[in-house]
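In what follows, a single structure is set out as structure tokens and then discussed.
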Amino acid sequence: MAKQAFSRLGRWCSRMFAVECDPSSDPVYFALTKTPQTRQCSERQAFEKIFRKAKSFSLHVCTEDKIQRAKFYEDIKNNTIPGVSRGCSVFDVFSFHPDVKNSALRGFLVRGVADIQETGLFDELVRNPGLNVCTYVLEEDTEHWWQHLWSKAEDGRMVVVEKYCLVPAEKPEHHPSTLNIINSDVFYKFGDACKVLRECTKFIPESKELLELVDQGLPLKREGRFPVIVIEGLDATGKTTLTRSLTDTLNATLLQSPPQCLSPWRPRFDSEPALLRRAFYALGNYITAGQIDRASAHAPVIVDRYWHSTAAYGIATAVSGRVDNLPGPGSEVYRWPVDLLQPDLVLLLTVSPEERIRRLRFRGAEKTREEAELEANDRFRSKVEQAYKRIEDPACVVVDASPPPDQVLQQVLLLIKNKCHL
Ligand SMILES: Nc1nc2c(ncn2[C@@H]2O[C@H](COP(=O)(O)OP(=O)(O)OP(=O)(O)O)[C@@H](O)[C@H]2O)c(=O)[nH]1
Ligand SMILES: Nc1ncnc2c1ncn2[C@@H]1O[C@H](COP(=O)(O)OP(=O)(O)O)[C@@H](O)[C@H]1O
């Protein structure tokens with residue numbers, strides 16, 4: 001067991017390690033090296049900011065099984081690990097190769113635990129072989145901080161199988177949370193989303209029924225000749241109101257994503273980790289694409305949310321810390337999926353945060369977990385808004401939706417006339 005664990009852990013060598021103590025500032029970055037480097041007194045504060053003097057444990061979820069990793073990470077993050085909740089600080093951490101796609105392993109640092117043996121960490125490790133636990137110790141003689149990787153030996157004892165010296169390092173070009181977006185936080189192909197849903201049938205049997213709903217012959221190019229207009233925007237920007245009045249005025253067909261047929265499963269997937277939530281919404285977009293293809297043969301089609309929502313919420317959820325940690329405009333994460341039917345026009349409704357809150361209160365509707373997050377967290381909301389505006393091919397056209405409903409409708413009808421010749 002130790003040998004197998006060691007070989008799996010071995011790929012961690014010469015990686016970087018980032019600790020996110022404060023989401024409003026950059027993480028503290030360290031290089032993991034096999035041999036201690038000469039200490040600079042200026043580095044002292046990097047260590048004291050993270051480790052103080054107390055022992056600290058970093059819990060890395062390191063398994064090839066994406067589903068297990070996503071579920072375990074969420075479960076552990078949202079509950080407390082037995083014996084470590086009292087007075088401990090918990091920070092997000094990333095172990096990664098700088099600027100290498102798909103190299104980031106998310107985990108978190110629990111600081112201030114008296115002794116690792118006292119906690120439930122080792123029991124968790126035994127129950128979840130894919131889980132790896134590290135401790136951080138200051139070696140008094142060399143005054144260096146070391147990361148010790150633990151694993152379970154054949155005789156059942158926990159042993160240190162590898163150790164790396166921590167050296168403060170410069171921040172890499174890309175925030176580590178942006179490295180795994182493609183196919184872990186956002187899906188750009190139908191098959192990739194289906195793969196995740198297929199793998200989770202073991203603990204979400206409903207996924208099998210979902211997969212049967214999707215027509216395997218997905219429409220890439222639209223056969224229909226009528227325009228397709230998507231209305232996007234944060235909740236309470238007026239999408240439902242506008243899509244209904246547009247549908248009446250244009251004698252159009254109103255569709256939405258996720259489509260009605262997925263409603264029975266939505267609460268379940270909204271409560272699942274981001275990986276599964278995103279696969280569910282991606283699947284919803286492909287089912288809606290089939291409906292758009294058929295409907296646009298007979299009349300104009302208005303769609304309430306589509307790919308922009310899926311990608312914007314996925315990217316904003318994945319990228320931690322500041323808004324400027326988002327991948328820059330033009331990044332491949334903002335591109336349209338090659339196999340998803342494209343609309344003719346995407347309108348992004350925007351209102352001021354104050355007006356949105358006023359409308360939300362007035363409407364009093366219940367919120368998804370992400371909508372609650374939008375309220376509580378300006379930074380998350382700004383990341384969603386920025387991501388919406390960076391998505392390409394087609395990019396969205398921003399509409400000021402703060403005027404009264406009839407004025408917004410007239411403004412949008414003019415836009416549709418100019419862009420779609422309707
Ligand atoms: N439709 C959609 N919703 C998503 C997606 N990803 C996350 N969500 C969440 O679902 C919420 C929207 O749910 P909807 O069913 O579209 O309800 P809605 O009435 O359009 O929401 P409002 O914007 O409040 O009108 C979003 O605010 C997100 O919290 C996605 O890909 N598509
Ligand atoms: N242009 C507008 N001006 C003022 N209030 C509006 C406008 N559009 C919608 N509302 C009101 O704001 C609330 C949210 O509108 P809704 O269409 O449900 O937004 P969304 O579908 O984007 O969540 C509703 O109570 C609605 O009556």
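We count ligands from 1, going down the list as the structure has it; atoms in each ligand are counted the same way. When a residue number appears, it is its place in the shown sequence, counting from 1.
With sequence neighbours left out, Thr237 forms a side chain to side chain donor-acceptor pair (under 3.5 Å) with no residue at all. Remark: Gln386 pairs with Arg390 by the side chain to side chain donor-acceptor pair (under 3.5 Å) rule, at least two apart or across chains. Under the side chain to side chain donor-acceptor pair (under 3.5 Å) criterion, Gln411 pairs with no residue, sequence neighbours left out.
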Apply the test salt bridge (charged side-chain N to carboxylate O under 4.0 Å, His left out) to residues Arg358 and Glu354: give CA-CA distance (whole Å), side-chain angles for both, the deciding distance (0.1 Å), then the verdict. CA-CA 6 Å; Arg358 189 191 68 77; Glu354 300 70 33; over 6 Å; no

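Of all atoms in ligand 1, listed by their number and element, those nearer than 4.0 Å to a heavy atom of Ser257 are 1 (N), 2 (C), 32 (N). For ligand 1, the atoms closer than 4.0 angstrom to any heavy atom of Thr310 are 30 (C), 31 (O). Within the listing of ligand 1, atoms 20 (O), 22 (P), 23 (O), 25 (O) sit less than 4.0 angstrom from a heavy atom of Lys239. Near Pro258, meaning under 4.0 Å from any of its heavy atoms, are these atoms of ligand 1: 1 (N), 2 (C). The ligand atoms of ligand 1 that sit less than 4.0 angstrom from a heavy atom of Ala236 are 23 (O), 24 (O).
Distances between N or O atoms of Arg305 and those of ligand 1 include at least one value under 3.5 Å. Residue Arg266 places at least one N or O, backbone or side chain, under 3.5 Å from an N or O of ligand 1. For Ser309, no nitrogen or oxygen atom sits less than 3.5 Å from a nitrogen or oxygen atom of ligand 1, counting backbone and side chain alike.
For Lys389, the NZ atom counts as densely surrounded, since its 6.0 Å shell holds more than 12 non-hydrogen atoms of other residues, nucleotides or ligands. The environment of Arg244 atom CZ is sparse: at most 12 non-hydrogen atoms of other residues, nucleotides or ligands sit within 6.0 angstrom.
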Which pairs of nitrogen or oxygen atoms, taken one from ligand 2 and one from the protein, are under 3.5 angstrom apart?
| residue | atom | partner | partner atom | Å |
| --- | --- | --- | --- | --- |
| ligand 2 | 1 (N) | Pro403 | O | 2.8 |
| ligand 2 | 1 (N) | Pro405 | N | 3.3 |
| ligand 2 | 3 (N) | Arg359 | NH2 | 3.1 |
| ligand 2 | 17 (O) | Thr240 | N | 3.3 |
| ligand 2 | 17 (O) | Thr241 | N | 2.8 |
| ligand 2 | 17 (O) | Thr241 | OG1 | 2.7 |
| ligand 2 | 18 (O) | Arg363 | NH1 | 3.0 |
| ligand 2 | 19 (O) | Gly238 | N | 3.1 |
| ligand 2 | 21 (O) | Thr240 | N | 2.8 |
| ligand 2 | 21 (O) | Thr240 | OG1 | 2.5 |
| ligand 2 | 22 (O) | Ala236 | N | 3.3 |
| ligand 2 | 22 (O) | Thr237 | N | 3.2 |
| ligand 2 | 22 (O) | Gly238 | N | 3.1 |
| ligand 2 | 22 (O) | Lys239 | N | 2.9 |
| ligand 2 | 22 (O) | Lys239 | NZ | 2.8 |
| ligand 2 | 23 (O) | Ala236 | N | 2.6 |
| ligand 2 | 23 (O) | Arg363 | NH1 | 2.4 |

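Applying the side chain to side chain contact (heavy atoms under 4.5 Å, CB included) test between Arg106 and each of Ser177, Ser95, Pro176 identifies Ser177 as the sole match.
No side-chain donor-acceptor contact under 3.5 Å links Glu355 and Ser402.
Distances from atom 6 (N) of ligand 1 to the heavy atoms of Arg278, Arg277, Arg359, Arg356 put Arg278 nearest.
Salt bridge present: Arg381 and Asp378 bring a charged side-chain N and a carboxylate O closer than 4.0 Å.
Tyr281 and Phe187 have their aromatic ring centers separated by at least 6.0 angstrom. The distance between the ring centers of Phe57 and Trp150 does not fall below 6.0 angstrom.
The side chain of Thr240, and not its backbone, has at least one atom closer than 4.0 Å to an atom of ligand 1 (non-hydrogen atoms only; side chain from C-beta on). When heavy-atom distances to ligand 1 are checked against a 4.0 Å cut-off, Ala282 has no atom that comes that close, whether in backbone or side chain.
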